[in-house]
Amino acid sequence: MPEQARPSTGEQAKQLALGQLRQAILRGEMAPAQRLVENELAEQFGVTRASIRAALIDLESQGLVERIRNRGSRVRVVTVEEAVAITECRLVLEGLCAAKAAVAVSDEQLAELKELGAAMRKAVAGGEPLTYSDLNHELHARIREFSGQRTAVELLERLNAQLVRHRFQLALRPGRPQQSLNEHLAMIEAIEARDPQAAEAAVCAHLTSVIEALRD
């Protein structure tokens, strides 16, 4: 890192390392079980080992990193059983957010959801599963945002961050994007109808399908 760009305080250095490490894990650039060597990361990000260590402690509390006794830290491995349990929690919280969004959504926000739906159709038709996966993630994020339910949003951000590997794997499974597309379009249609019960039911049906796919 250039000298002028170096963070001026220990807290700034920790936040820099925390942000970049978190994004690398969420983008899949750091694989599950990959060792996180403090010296290497400190050199990579231009911060001290103490800043890296503090960032790793925060990431451990977020469920993204695990510390192995006498072996240091690594990217946390989320088992299928854990992924199912997390998705069961998502089902309740995302259903709540969809119901809230169906009541609170503005016409402009609804147009944004419909544009995402159209882009998802295009990605599936074009055989672009990773693009579809990103759009899928964006749609869920927008519904959460439009719900105005900040507590649920914060909880879901933590839960979803732990499912990155499983999300990518499902997106690459043959036939899964096509099935998922219809489920997401049903969610958009229910919100467009401003029907909170239907919106919640559509999300629950979608995430139940995700749970079944995880268990396959």
Side-chain angles (χ1 to χ4, degrees), residues 19 22-30 78 83 86-87 89-150 152-214 216:
R22 190 174 192 276
Q23 285 305 308
I25 294 170
L26 295 183
R27 288 192 298 261
E29 295 168 6
M30 292 180 169
V78 177
I86 291 169
T87 305
C89 294
R90 283 184 62 206
L91 187 151
V92 176
L93 293 170
E94 298 228 24
L96 170 65
C97 287
K100 294 276 190 180
V103 174
V105 69
S106 68
D107 290 342
E108 288 182 357
Q109 291 170 336
L110 184 56
E112 186 176 344
L113 296 182
K114 292 170 74 174
E115 286 175 8
L116 281 168
M120 292 169 79
R121 276 196 185 96
K122 183 178 178 181
V124 169
E128 300 174 13
L130 293 181
T131 298
Y132 176 80
S133 179
D134 288 341
L135 291 166
N136 173 351
H137 184 70
E138 182 70 12
L139 176 65
H140 281 273
R142 286 290 164 267
I143 292 172
R144 293 195 299 269
E145 177 188 338
F146 299 160
S147 76
Q149 228 294 358
R150 289 304 312 165
V153 170
E154 290 168 6
L155 291 168
L156 283 164
E157 286 175 353
R158 174 186 168 93
L159 293 172
N160 284 320
Q162 298 175 55
L163 295 174
V164 174
R165 179 174 67 94
H166 294 283
R167 179 164 62 88
F168 286 139
Q169 287 178 338
L170 286 182
L172 294 172
R173 184 178 297 180
R176 179 61 198 169
Q178 289 86 343
Q179 177 183 355
S180 170
L181 173 63
N182 291 328
E183 296 163 0
H184 286 98
L185 294 178
M187 290 160 49
I188 296 170
E189 289 169 6
I191 292 172
E192 182 180 11
R194 303 185 187 279
D195 185 334
Q197 288 78 24
E200 183 175 11
V203 169
C204 290
H206 164 57
L207 291 176
T208 298
S209 172
V210 170
I211 289 169
E212 291 170 356
L214 286 168
D216 283 346

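Under the salt bridge (charged side-chain N to carboxylate O under 4.0 Å, His left out) criterion, Asp107 pairs with Arg194, not counting sequence neighbours. Checked against side chain to side chain donor-acceptor pair (under 3.5 Å), Gln149 has no partners two or more places apart in sequence or in another chain. Partners of Gln178 under the side chain to side chain contact (heavy atoms under 4.5 Å, CB included) rule, at least two apart in sequence or in another chain, are Val124. With sequence neighbours left out, Glu29 forms a salt bridge (charged side-chain N to carboxylate O under 4.0 Å, His left out) with Arg27. For the salt bridge (charged side-chain N to carboxylate O under 4.0 Å, His left out) test, residues two or more places apart in sequence or in another chain that qualify with Arg90 are Glu94. Taking Cys204 as the reference, Leu91, Glu200 meet the side chain to side chain contact (heavy atoms under 4.5 Å, CB included) condition, with sequence neighbours excluded. Taking Ala119 as the reference, Leu135 meet the side chain to side chain contact (heavy atoms under 4.5 Å, CB included) condition, with sequence neighbours excluded. Under the side chain to side chain contact (heavy atoms under 4.5 Å, CB included) criterion, Ala198 pairs with Ala190, Asp195, not counting sequence neighbours.
Across all non-hydrogen atoms, the minimal contact from Leu172 to Pro129 is CD2-CG, 3.9 Å. Nearest heavy-atom pair, Val164 versus Leu26, reported as atom, atom and distance to 0.1 Å: CG1-O, 3.1 Å. Here the closest heavy-atom approach between residue Val153 and residue Ser147 is recorded as CG2-OG, 4.4 Å. Residues Tyr132 and Ser180 come closest through the heavy atom pair OH-OG, 2.8 Å. Nearest approach of Ile188 to Gly117, heavy atoms of both residues: CD1-CA, 3.7 Å. When all heavy atoms of Ala199 and Ala102 are compared, the pair lying nearest together is CB-CB, 4.1 Å.
Separation of atoms CD1 (Ile191) and CG (Leu113) is listed at 5.5 Å; rounding is to 0.5 Å. For the atom pair CD of Gln162 and CD of Glu157, the computed distance is 13.0 Å after rounding to the nearest 0.5 Å. A distance of 9.0 Å separates CZ of Arg158 from CD1 of Ile86, quoted to the nearest 0.5 Å. From His166, atom NE2 reaches atom CG of Asn160 across 13.0 Å, with rounding to the nearest 0.5 Å. To the nearest 0.5 Å, the span separating CD on Glu192 from NZ on Lys114 amounts to 4.0 Å. To the nearest 0.5 angstrom, Gln169 atom CD is 11.0 Å from Ser133 atom OG.
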*Step by step, work out the side chain to side chain contact (heavy atoms under 4.5 Å, CB included) result for Leu139 and Ile143.*
CA-CA 6 Å; Leu139 176 65; Ile143 292 172; 4.1 Å; yes
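Residue pairs meeting the salt bridge (Lys or Arg N to Asp or Glu O under 4.0 Å) criterion with at least one member in residues 165-180, sequence neighbours excluded, are Arg176-Glu183. Pairs engaging residues 115-133 under the salt bridge (Lys or Arg N to Asp or Glu O under 4.0 Å) rule: none recorded [sequence neighbours left out]. A ring-ring contact (aromatic ring centres under 6.0 Å, His included) check over residues 91-125, counting only residues at least two apart or in different chains, returns nothing. Each salt bridge (Lys or Arg N to Asp or Glu O under 4.0 Å) pair with one or both residues in residues 130-141, not counting sequence neighbours, appears once here: Glu138-Arg142.
Between His140 and Met187 there is a side-chain heavy-atom pair separated by less than 4.5 Å. When side chains are defined from C-beta on, Thr208 does not count as touching Thr87, because their heavy atoms never get closer than 4.5 Å. Looking only at side-chain heavy atoms (C-beta outward), Ile211 and Leu207 stay at 4.5 Å or farther from each other. Pro196 is not listed as a side-chain neighbour of Lys100, based on a closest heavy-atom distance of 4.5 Å or more. You'll find the side chain of Leu181 reaches within 4.5 Å of the side chain of Leu185, heavy atoms only. Side-chain atoms of Val203 and His206, non-hydrogen and from C-beta on, never get closer than 4.5 Å to each other.
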